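Throughout, protein chains are lettered first and strands after them, A, B, ... in sequence-line order, and every chain is numbered starting at 1. Bear in mind that the values here come from a model prediction, so they are computed numbers and not experimental data.
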Number of protein chains: 2
Amino acid sequence: MLQHSAGPSSTGLAPVTTDDLGSAELLFKALASERRLQILAWLKDPVANFPPQQHGDPTKHGACNLFIVEKLGVSQPAASRHLKVLVDAGLVIPTRRKGWTYYRRNEDALSALADVVGSI
Amino acid sequence: MLQHSAGPSSTGLAPVTTDDLGSAELLFKALASERRLQILAWLKDPVANFPPQQHGDPTKHGACNLFIVEKLGVSQPAASRHLKVLVDAGLVIPTRRKGWTYYRRNEDALSALADVVGSI
DNA sequence: TAGTTAGATAACATTCTTGCTATGTTGCAG
DNA sequence: CTGCAACATAGCAAGAATGTTATCTAACTA
């Protein structure tokens, strides 16, 4: 079971109720940032968008935090907080392995977004 | 910040390019507020959600500003600014008639949201 | 013309967001 | 154990968001 920080639920999937304005707001807030949208776009294809990783499978666990930091062009803590926003919204899944942390898209949550938008 | 100044277009339809992170950010910012989501939800059915209007056709032009202000429970200027954010994002269309202003959903723009979300 | 009403704008305070630097914390290497 | 690398957290400053009250403008009405 993939478990991490203080996500809204222990399943890693955002508990989206299509008529719950509060959780919809949380999702939209996470998306309301060009940097975070950029991260999500990059994570669509980690292999193409990031340097080759020696240590983790990009297609399986996602891109290494370091690469995201570097490509974002902001300080490491700033990037870290952006990633936390995405993780807290359930849109991205972190994996800690050895000394590194990998991030990948949560395609289930991203698909569920369509329902949320459809309910607006 | 991006350019936008006047309303995105005189047609009332947002110029959404699905791969433009900037305009997607603008849309999500507009949606990243429980109050504004609430307004959009109410405007789905103006007749059901607002008192009867003597002066404008709710189904045609939307709900009167006054009713939205009152139902939101915030001051008139605060509600006015929320509505402006929605209008600027192209999600809501204002109609000025006589002394009143009516607001209705821009269903075209709201439908286009699905594409934006699908492109994330 | 004067008064009233709808609604936008101005000015301001408070809170949230986002950037930074500095410092913890954790795990691997020597 | 000691040092280093990866990354999270703390603390702070600047800008944006959101609320307020006060004011301005436009249109209707007496």
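- Atom P of nucleotide dT18(C) and atom CD of E34(A) are separated by 12 Å, given to the nearest angstrom.
- Residue-level contact check: A78(B) touches the bases, meaning some heavy atom is under 4.0 Å from a base atom.
- Between the S80(A) side chain and the Q76(A) main chain, no donor and acceptor come within less than 3.5 Å of each other.
- F28(B) has its side chain within reach of L37(A): a pair of non-hydrogen atoms, C-beta onward, lies under 4.5 Å apart.
- Between F50(A) and F67(A), the two ring planes are parallel [angle under 30°; tilted spans 30° to 60°].
- One finds no side-chain N or O of H82(A) lying less than 4.0 angstrom from the OP1 or OP2 phosphate oxygen of dT17(C).
- For L31(A) and dT17(C), the CG to C1' distance is 16 Å, given to the nearest whole Å.
- In this structure, R104(A) contributes its side chain and L43(A) its backbone to no donor-acceptor pair below 3.5 Å.
- Spacing between atom CG of L86(A) and atom P of dT18(C) amounts to 10 Å, rounded to whole angstrom units.
- In this structure, R35(B) places its CZ atom 14 Å from C1' of dT15(C), rounding to the nearest Å.
- With hydrogens and angles ignored, the 3.5 Å screen pairs a side-chain donor or acceptor of N106(A) with a backbone N or O of G90(A).
- The shortest distance between side-chain heavy atoms of Y103(A) and I39(A) does not fall below 4.5 Å.
- A close approach under 4.0 Å does occur between a side-chain nitrogen or oxygen of S75(B) and OP1 or OP2 of dT20(D).
- Sorted by residue number, the list of members of residues 37-45 of chain A with any non-hydrogen atom under 4.0 Å from DNA chain D is empty.
- dT17(C) atom C1' lies 15 Å from atom CG of D88(A), rounded to whole Å.
- Judged as a ring pair (Phe, Tyr, Trp, His ring centres under 6.0 Å), the pairs with a partner in residues 75-101 of chain A (not counting sequence neighbours) are, in order, H55(A)-W100(A).
- Within 4.0 Å (heavy atoms only), R36(A) reaches sugar-phosphate atoms of the nucleic acid but no base atom.
- Between E25(B) atom CD and dA16(D) atom P the separation is 12 Å, expressed in whole Å.
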Quick tally for nucleotides 5-10 of chain C: nucleotides whose base has a protein heavy atom under 4.0 Å get B, sugar-phosphate-only ones S, the rest -, giving -SBBB-
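- Atom pair K29(A):NZ and dT15(C):P shows a separation of 16 Å (rounding to whole Å applied).
- For the pair K71(A) (side chain) and N49(A) (backbone), a donor-acceptor distance under 3.5 Å is present.
- Of the possible donor and acceptor atoms, none in the side chain of R36(A) sits under 3.5 Å from a partner among the backbone N and O of V85(A).
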